[in-house]
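Down below is the structure, laid out as structure tokens.
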Amino acid sequence: MSLLPDVMSLTGTPFFVTTIVVAALAVLVPLLMWHRVGGPVVVRGAVRLFMVVVAQATAVLVVFVAVNNANGLYDTWGDLLGTDSHVAAAPNLGADGTGGRRIAQEPRVKQAFAPAGDPDMGPGVQVTRLTGRVSGAEGEVYVWLPPQYDDPAYRNKDFPVAELLPGHPGSARDWFTNLDVAEQLRPLMADGEVKPFILVAPRTALLAGGQDTGCANVPGVVNADTWLSVDVRKMVTDTFRAVTGADGWAVAGISAGAHCAAKLAVEHPDRYRAGVALSGYNDPAAEPDSITAGDPVLRRTSDPLWLLTHAGRAPRTSLYLTGQPGDGYEDGLALHAAAKPPTEVWVRKTGGGHLNVVWKPLVPRVFRWLSGQVGGVRAAAPRDAGRSRAGAGADPGTGVRSAPTEKPAEKPAERHAEK
């Protein structure tokens with residue numbers, strides 16, 4: 001196997017260092033050779049112009065690599081150049097995305113995992129390469145297990161799961177590298193402030209050409225919905241001690257991933273009990289690269305608001321939506337206004353832009369909220385009894401609580417809007 005993908009990967013330190021060295025040389029060479037260039041005036045001018053252009057190009061390259069590494073836009077050269085497709089087949093799987101299969105009775109999908117080997121992701125992150133048996137898609141899936149997972153006291157416990165989705169363009173590593181989700185949650189889980197979630201981050205960039213799937217199923221193109229909500233989900237429950245029912249599952253996303261999280265939670269209450277959308281949107285056309293934006297039917301049926309208002313029965317799911325005016329806030333309010341029991345919707349106004357630095361501080365709040373929405377094992381009480389804890393349905397720091405989720409049909413769910 002070639003060492004090139006590892007040693008000179010787009011996001012690797014060796015490549016970044018190489019670009020810096022080349023950029024430095026591209027500046028140094030003109031300084032040393034400027035007055036030594038010989039030949040006719042035209043030749044001297046052309047050579048000097050070439051040296052300036054090279055110096056400028058290498059400087060731009062360094063900036064691009066730094067920005068890409070900081071924001072997790074493209075994982076591989078194939079992602080950047082739009083040459084990689086992660087779709088082997090895209091059969092028509094019907095309305096529920098299963099193709100008529102009874103997923104629980106399908107053969108087990110138990111994957112072997114290896115350490116991710118990326119220090120920027122923090123310790124404990126594992127990775128596997130999954131081939132979706134139902135969707136026809138394939139790609140890497142990162143998993144982080146909570147501190148309690150290997151504790152003998154929890155050997156017979158099933159753990160809740162949070163599926164984490166990046167924006168577009170974006171990397172499956174984003175929640176770990178840019179939002180520090182594992183490092184932020186580890187102490188909160190250890191102290192019992194947050195439930196011990198298994199964190200799952202699958203690849204969402206499945207199409208060549210830089211197209212966004214919109215987390216939709218499009219026969220003949222991609223089955224992104226089924227990849228996330230069926231294939232990845234089954235692999236996790238078959239490989240780890242994870243809750244199998246919807247009560248133990250949540251999906252969270254940023255930007256385009258936030259759109260996906262809201263869509264999946266509303267569309268599949270049988271698979272997810274809660275969805276978190278940080279700076280998302282309802283209309284797929286908000287992302288010009290989305291394959292669902294150009295088709296009127298796909299655009300409509302991929303809109304969480306349309307799904308919510310046209311559901312035959314209000315879905316038993318909870319949504320936590322954040323955004324600033326003009327960037328997700330109004331879309332959240334629209335979902336809030338449309339929600340009917342047992343659907344629950346929280347909307348929180350934020351500010352500061354469409355940036356990781358805005359979303360990162362929200363991680364503890366989001367997972368405290370999620371801890372009140374999903375089932376599964378709860379960690380032991382905090383060692384420091386004086387520390388605040390998130391009760392069922394609580395949104396710490398806001399004074400807002402949800403209605404009980406155990407029997408939503410008996411008590412109408414509340415809808416909450418925050419400022």
Side-chain angles (χ1 to χ4, degrees), residues 86-113 128-139 141 143 156-163 165 197-198 200-204 206 213-251 260-275 298 301-302 304 307-308 310-318 342-343 373-377 405-406 408-409:
H86 294 262
V87 178
N92 189 334
L93 298 175
D96 69 349
T98 65
R101 302 188 192 190
R102 303 185 69 176
I103 302 303
Q105 297 178 5
E106 289 289 305
R108 289 174 62 83
V109 183
K110 193 163 185 177
Q111 291 285 118
F113 278 75
T128 191
R129 192 164 194 88
L130 174 67
T131 298
R133 295 179 182 176
V134 182
S135 67
E138 59 86 21
V141 181
V143 169
N156 296 319
K157 302 292 186 180
D158 290 335
F159 289 78
V161 181
E163 195 169 6
L165 310 179
F197 284 88
I198 296 174
V200 179
R203 167 177 278 272
T204 57
L206 300 174
T213 68
C215 295
N217 281 357
V218 183
V221 180
V222 65
N223 286 318
D225 182 319
T226 298
W227 160 250
L228 296 172
S229 68
V230 176
D231 284 328
V232 171
R233 198 175 182 285
K234 178 169 176 58
M235 181 275 291
V236 171
T237 57
D238 286 351
T239 304
F240 302 99
R241 297 195 314 276
V243 177
T244 57
D247 281 344
W249 277 74
V251 57
C260 288
K263 171 188 176 294
L264 293 174
V266 171
E267 191 171 14
H268 301 300
D270 58 326
R271 300 170 199 175
Y272 302 100
R273 183 58 63 234
L298 280 174
T301 56
S302 296
L307 292 169
L308 189 60
H310 288 77
R313 178 185 303 174
R316 186 193 167 200
T317 194
S318 298
T343 306
Q373 306 304 314
V374 303
V377 64
T405 57
E406 289 82 0

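Along the sequence shown, the residues carry numbers beginning at 1.
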Main chain of [Y], side chain of [X]: is a donor-acceptor contact present, judged purely on distance under 3.5 Å?
X: T237; Y: A242; value: no
X: T239; Y: V109; value: yes
X: T343; Y: P315; value: yes
X: D158; Y: T244; value: no
X: R233; Y: W249; value: no
X: R273; Y: R316; value: yes
X: N217; Y: G97; value: no

Straight-line distance of [X] [atom1] to [Y] [atom2], nearest 0.5 Å:
X: D96; Y: D225; atom1: CG; atom2: CG; answer: 9.5 Å
X: K234; Y: L130; atom1: NZ; atom2: CG; answer: 11.5 Å
X: T131; Y: W227; atom1: OG1; atom2: CH2; answer: 7.5 Å
X: I103; Y: R271; atom1: CD1; atom2: CZ; answer: 7.5 Å
X: L206; Y: T213; atom1: CG; atom2: OG1; answer: 5.5 Å
X: K263; Y: C215; atom1: NZ; atom2: SG; answer: 6.5 Å

Do [X] and [Y] come close enough that some side-chain heavy atom pair is under 4.5 Å?
X: M235; Y: T128; result: yes
X: L228; Y: P202; result: yes
X: L264; Y: E163; result: no
X: R241; Y: K157; result: no

Next item on the list: Dump the intermediate steps for side chain to side chain contact (heavy atoms under 4.5 Å, CB included) on V243 and V161, then the final yes or no.
Entry: CA-CA 7 Å; V243 177; V161 181; 5.8 Å; no
Notebook entry, point to check: Is the shortest distance from a Lys or Arg side-chain nitrogen in E106 or R101 to a carboxylate oxygen in the other one below 4.0 Å?
Noted result: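 The answer is yes: the pair qualifies as a salt bridge.
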